[in-house]
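Working notes for the structure below.
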Amino acid sequence: MLQQTQVATVIPYYLRFIESFPDVVTLAAATEEQVLAHWSGLGYYARGRNLLKAARLIVDNYGGQFPRDYEQILVLPGIGRSTAAAITALAWYERRSILDGNVKRVLARFCGIDGWTGERKVEELLWRKAEKLLPESDVAVYTQALMDMGATVCTRSRPRCVNCPVKTDCVALQADRVGQLPSPRPRKVIPERKSSFLLLKHGNEIMLEKRPASGIWGGLWCTPQVDEAEEANYLSRHNMQITRRIELDTFTHAFTHFKLHIRPVLLELASKPLRTEQQGCVWLGLDEALGAAIPSPVRQLLLTMQASQRND
DNA sequence: GACCCGTGGTG
DNA sequence: TCACCAAGGGT
């Protein structure tokens, strides 16, 4: 959960997750649907799918006992070099370096390294620095301190250099370059797309489709998405008779790599259509839908619908 | 090796 | 408002 996600954001998700799946055996017995429902709104849903795969692998191959060997941990789905090192260093006091977002920033400043830290050559250099600076003992304390320092002292903006324990050895500070390091990500034009989200409603239920396992929002439940011009086509293709049609306010959802302009359309159906050509759809009441594995914008829409129903 | 994968905080 | 990024990994 903590991969690419701030601790404060994760905490409520973590608490709910660990209450439902308190151990690896319980998790391994869960369905992907249950796991993704707990991940709903957190993003990077492949992490949830991978966590479930890893739990099942641990139960099937290691008798439910988390592997102790770094190489075995590293091949678990969703666990890469840094996470495997964090597990072995913090849990079992092995001498291994991690390299997360905080550590990258601390090292880029401390060592005075130019270039975007996501670039391959820069990242390789940072790994070498991380390993060179690793102490011989107390690696768990050192690793936690390094991350905490990045989160509290060596912050992205307004770092508290006055309170920094290593200020006298920091290359960036001595060269007065703290504000310039690490170098920002190269600017790129973010493409924009438009899509109509069809809120198909019958009685108090709405229809959701299961998205393909790979790609954006993989495995999540979503309203049908069509191009603006394809809405009528979609309705006739599925023999849907509309008794009411309301266009809701368009809003924008920003991903890392593109912007999505969402045009929600509320469509009340005369009857539930029979869909034989595509089984992956379900009709749910609003409360039920809000408890399902849905992405953030769909949650927003459902909450809006729920609020407007209360006003009726 | 370049690209893909979400969402919310922050200044 | 908007750029930037966070306990990165997979393909």
Side-chain angles (χ1 to χ4, degrees), chain A residues 1-14 36 38-54 73-91 96-109 116-124 126-127 130 140 142-152 154-159 179-193 211-220 222 251-260 262 293-300:
Chain A
M1 283 184 174
L2 289 163
Q3 290 168 351
Q4 294 294 91
T5 308
Q6 294 186 343
V7 176
T9 304
V10 163
I11 287 172
Y13 287 89
Y14 173 77
L36 289 178
H38 283 73
W39 220 271
S40 174
L42 193 56
Y44 282 147
Y45 299 96
R47 294 179 299 176
R49 298 195 299 271
N50 283 332
L51 188 59
L52 177 57
K53 284 181 200 164
I73 295 170
L74 186 58
V75 298
L76 292 173
I79 296 183
R81 182 176 176 183
S82 185
T83 303
I87 292 169
T88 52
L90 296 176
R96 296 186 188 279
S97 297
I98 68 157
L99 190 65
D100 65 10
N102 284 318
V103 177
K104 281 180 174 179
R105 184 175 57 254
V106 171
L107 293 184
R109 286 173 176 161
W116 178 47
T117 58
E119 195 180 334
R120 182 186 174 80
K121 299 204 71 173
V122 176
E123 192 170 323
E124 282 177 356
L126 287 168
W127 271 113
Y142 168 84
T143 300
Q144 189 63 56
L146 194 56
M147 289 189 285
D148 288 349
M149 209 179 84
T152 61
C154 197
T155 50
R156 181 162 69 95
S157 56
R158 294 173 174 269
Q180 302 164 25
L181 296 177
S183 310
R185 166 197 288 267
R187 302 285 296 274
K188 267 204 301 193
V189 180
I190 304 287
E192 304 192 14
R193 305 176 199 169
R211 294 183 58 84
S214 64
I216 204 91
W217 298 334
L220 270 65
C222 198
F251 62 99
T252 302
H253 186 75
F255 296 92
T256 309
H257 47 302
F258 68 95
K259 269 188 188 177
L260 184 62
I262 296 172
I294 53 175
S296 188
V298 173
R299 179 170 303 278
Q300 277 180 245

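In the text below, chain A, chain B and the rest are named by the order of the sequence lines, each starting its count at 1. Everything numeric in this text was worked out from a predicted model, so none of it was measured.
- Using a 4.0 Å heavy-atom cutoff across all strands shown, A:Leu99 reaches no nucleic acid atom at all.
- C:dG10 atom P lies 8 Å from atom CG of A:Leu74, rounded to whole Å.
- Of the candidate nucleotides B:dC5, B:dG6, C:dA7, C:dA7 has the atom nearest to the side chain of A:Met147.
- If you check distances only, the side chain of A:Ser157 never reaches the base of B:dG11 with a donor-acceptor pair under 3.5 Å.
- Between A:Tyr45 and B:dT7 there is a side-chain polar atom (N or O) within less than 4.0 angstrom of OP1 or OP2.
- For B:dG8, one of the phosphate oxygens OP1 or OP2 lies less than 4.0 angstrom from a side-chain nitrogen or oxygen of A:Ser296.
- With hydrogens and angles left out, the side chain of A:Ser82 and the base of C:dG9 share no donor-acceptor pair within 3.5 Å.
- Distance alone, capped at 3.5 Å, places no donor-acceptor pair between the A:Arg211 side chain and the A:Cys222 backbone.
- When heavy atoms are screened at a 4.0 angstrom cut-off, A:Arg156 is found touching base atoms of the nucleic acid.
- Of the possible polar contacts, one joining the A:Thr88 side chain to the A:Ala85 backbone as a donor-acceptor pair under 3.5 Å is found.
- The separation between A:Tyr44 atom OH and C:dG9 atom P is 12 Å, rounded to whole Å.
- When the P atom of C:dA3 is taken as reference, atom CD1 of A:Ile190 falls 8 Å away, rounded to whole Å.
- Side-chain proximity of A:Val7 to C:dA7, B:dT7, C:dG9: nearest is C:dA7.
- Comparing B:dT7, C:dG9, B:dC5 by their closest approach to the side chain of A:Pro297 singles out B:dT7.
- Remark: A:Arg299 is not in phosphate contact with B:dT7, judged by side-chain N or O atoms under 4.0 Å from OP1 or OP2.
- Mapping A:Trp127 and A:Arg105 onto DNA chain C via the closest heavy atom, the residue that lands nearer the 5' end is A:Arg105.
- Between A:Ser183 and A:Leu181 the shortest side-chain heavy-atom distance falls below 4.5 Å.
- Regarding A:Phe258, its CZ atom lies at a distance of 10 Å from the P atom of B:dT7, rounded to whole Å.
- Checking the phosphate oxygens (OP1, OP2) of C:dA7, no side-chain nitrogen or oxygen of A:Thr5 falls inside 4.0 Å.
- The CZ-C1' distance, from A:Arg185 to B:dA2, rounds to 12 Å in whole Å.
- Side-chain N or O atoms of A:Arg96 include none that pairs as donor or acceptor with a backbone N or O of A:Ala89 at under 3.5 Å.
- Counting to the nearest Å, the P atom of B:dT7 and the NZ atom of A:Lys259 are 16 Å from each other.
- If you check every strand for non-hydrogen atoms under 4.0 Å, A:Leu42 touches a base.
- Although no hydrogens or angles enter the test, the distance criterion places a donor-acceptor pair under 3.5 Å between the side chain of A:Ser97 and the main chain of A:Ala130.
- Look at A:His253 and you'll find a side-chain N or O under 4.0 angstrom from OP1 or OP2 of B:dT7.
- Note on A:Gln144: a base of the nucleic acid sits closer than 4.0 angstrom, heavy atoms only.
- When the nearest nucleotides of DNA chain B are assigned to A:Arg120 and A:Gly215 by heavy-atom distance, the more 5′-ward of the two goes with A:Arg120.
- Contacts of A:Arg158 with the nucleic acid, taken as non-hydrogen atoms under 4.0 Å apart, are absent.
- In this model, no side-chain donor or acceptor of A:Arg47 finds a partner on the base of B:dC5 within 3.5 Å.
- Within the 4.0 angstrom heavy-atom criterion, only backbone atoms of the sugar-phosphate kind lie near A:Leu76; the bases stay farther away.
- Note: CG (A:Leu181) to C1' (C:dC5) measures 16 Å, nearest angstrom.
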Steps toward ring-ring contact (aromatic ring centres under 6.0 Å, His included) verdict (A:His253, A:Phe251): CA-CA 7 Å; A:His253 186 75; A:Phe251 62 99; 7.7 Å; no
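- A:Gly150 comes within 4.0 angstrom of no nucleic acid atom, judged by non-hydrogen atoms across all strands.
- Nucleotides of DNA chain B nearest to A:Glu124 and A:Tyr13 differ in position, and the one nearer the 5' end is that of A:Glu124.
- Taking atom CZ of residue A:Phe255 and atom P of nucleotide B:dG6, one finds them 7 Å apart after rounding to whole Å.
- Remark: the separation of the C1' atoms in B:dC5 and C:dC5 is 15 Å, to the nearest Å.
- Residue A:Trp39 places none of its side-chain N or O atoms closer than 4.0 Å to OP1 or OP2 of B:dT7.
- Within the 4.0 angstrom heavy-atom criterion, no nucleotide atom of any strand lies near A:Ala8.
- Results of the side chain to side chain contact (heavy atoms under 4.5 Å, CB included) test with A:Met147 over A:Thr152, A:Leu90, A:Leu2 single out A:Leu90 as the only residue that passes.
- Rounded to whole Å, the separation between the C1' atoms of B:dG6 and C:dC4 comes to 15 Å.
- The phosphate of C:dG8 has OP1 or OP2 within less than 4.0 Å of a side-chain N or O from A:Gln4.
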